[in-house]
Protein chains: 2
Amino acid sequence: MNDNRSRLTKAAQEIVQRNGFKGLSFRTLANEIGIKSSSVHYHFPEKSDLAQELIEQYSEHLALELDEIAAKPISLKRKISSFIKIFEMVAKADNLCLCGMMAAEVGELNQSNQQYLRDFFLMLERWIVVQIEAQPDELKTQMAPSQLAKTMLSGLEGALLVDRVVGNHQRLNAQKELYLALFK
Amino acid sequence: MNDNRSRLTKAAQEIVQRNGFKGLSFRTLANEIGIKSSSVHYHFPEKSDLAQELIEQYSEHLALELDEIAAKPISLKRKISSFIKIFEMVAKADNLCLCGMMAAEVGELNQSNQQYLRDFFLMLERWIVVQIEAQPDELKTQMAPSQLAKTMLSGLEGALLVDRVVGNHQRLNAQKELYLALFK
DNA sequence: GTCTATATACAGATAGAC
DNA sequence: GTCTATCTGTATATAGAC
């Protein structure tokens, strides 16, 4: 898929993860791939159409990665570690999670976009819960899986946010240490 | 202090915590208090001047609150609980932390603004470490205080971010439960 | 599908009167 | 300190030619 539509979403995703959704303009996006802004409007009539596709693609891509991890015959701890590794890759690129970034800008999004954003976070939390419930004996804490999932997800999102400003990965590393210690 | 300058910073803070720094325009800010945008420029020549004052005021206000908490003859657990309560008040207003919001928009800020933002987060983390070191026997975990401070702060920032999108306070509550359990 | 050209709105910022 | 008026740049979005 090297057509302009997919080149647009790819470039747009990078811009949003770095500069935010408000930091993405049809003009700069068009320049990025060498077309005009009116051509971007051909593919995505309104900016909210682009937002929708970005959130959908990001969610689907992540869901596929998580499916692969879940299917492996490995310890729960290693599954959680793989989950955290996804955030570490984002941090390495000095980005935020696409949806974490858009969460900060939720007021600029229409109702449909907001729903997709919500579903993204709930999907990630549900994945954690499902993994724990499949291998419950490997959990070392008495914390309820759903509570654990909520702290872990929001903790990782916050770590990306603060670490990028401070300029290191200390908070993400600390979150990793904290949560991995809860699994055998 | 009911002069226009302080009315401006007060209104600006609310707008940034709700809509972000890019969501704050001199025009709408001026309208908010009934003056013209050119008058806003009299008080804050450039937008970065306003950003600077916002971060400084927010930091100073929070530092004063934390000083008061630290001075009380109460348990470490109650001090941490009071710390978390500050975030709960922000969540109750459906806002983000001013600096958490601006952290997402760090690319729009100049170097000076970014330094003040960094200092804000480091100040909060340092406060947690100092409180723990003053009452070390009341800590139930073997986690290093600096590690604990980093996870707690970024966890709370992330909880505000995700909870606002999802529409409840479950993540902040979960973070609270997780961290309070680490103190006697 | 992409282009040129344009409409409309709003952004940050400045000059100069009062 | 605040105003009117304006400059300049950029944003989303659309019409219509190719």
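Throughout, protein chains are lettered first and strands after them, A, B, ... in sequence-line order, and every chain is numbered starting at 1. Note that the structure is a prediction, hence the values are computed from the model and not measured.
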Once you apply a heavy-atom cut-off of 4.0 Å, does A/K47 come out as touching a base, just sugar-phosphate, or nothing? sugar-phosphate
Within a radius of less than 6.0 Å around NZ of B/K85, do more than 12 heavy atoms belonging to other residues, nucleotides or ligands occur? no
Heavy atoms only, 4.0 Å cut-off, all strands: where does B/S25 land among base, sugar-phosphate and nothing? sugar-phosphate
Starting at the 5' end of DNA chain C, which residue's closest nucleotide do you reach first, B/P45 or A/R27? A/R27
Could you tell me whether B/K77 and B/E138 make a salt bridge, using a distance below 4.0 angstrom between a side-chain N and a carboxylate O? no
Using a cut-off of less than 4.0 Å, is there contact between a side-chain N or O of B/H43 and OP1 or OP2 of D/dT2? yes
Thinking salt bridges, do B/E53 and B/R5 make one under a 4.0 Å N-O criterion? yes
B/L8 CG to D/dT2 P, in whole Å, measures 8 Å
Looking at D/dA13, D/dT2, C/dA13, which one has an atom nearest to any side-chain atom of B/S39? D/dT2
Return the value, rounded to whole Å, for the distance between atom NZ of A/K22 and atom P of D/dA11. 12 Å
Rounded to whole Å, how long is the line connecting atom CZ of A/F21 with atom C1' of D/dA11? 12 Å
Ignoring hydrogens and angles, are the base of D/dT4 and the side chain of B/S38 linked by a donor-acceptor pair under 3.5 Å? yes
Taking only the side-chain heavy atoms of B/Y42 (C-beta and beyond), determine which of D/dT12, C/dC3, D/dG1 contains the nearest atom. D/dG1
If I take atom CD1 in residue A/I35 and atom P in nucleotide C/dG1, what distance separates them, rounded to the nearest angstrom? 11 Å
For B/N95, is there any backbone N or O sitting under 3.5 Å from a side-chain donor or acceptor partner on B/Q17? no
Expressed as a whole number of angstroms, how long is the span from B/L29:CG to C/dC10:P? 16 Å
What is the separation between atom NZ on B/K36 and atom P on D/dT6, rounded to the nearest whole Å? 15 Å
Mark yes or no for whether B/N113, through its side chain, and B/L109, through its backbone, hold a donor-acceptor pair below 3.5 Å. no
Please work out if B/L24 contacts a base, only the sugar-phosphate, or nothing of the nucleic acid, heavy-atom cut-off 4.0 Å. sugar-phosphate
Rounded to whole Å, CD of A/E46 lies from P of D/dT12 at a distance of 12 Å
Distance check needed: C/dG1 C1' versus A/I33 CD1, whole Å only. 11 Å
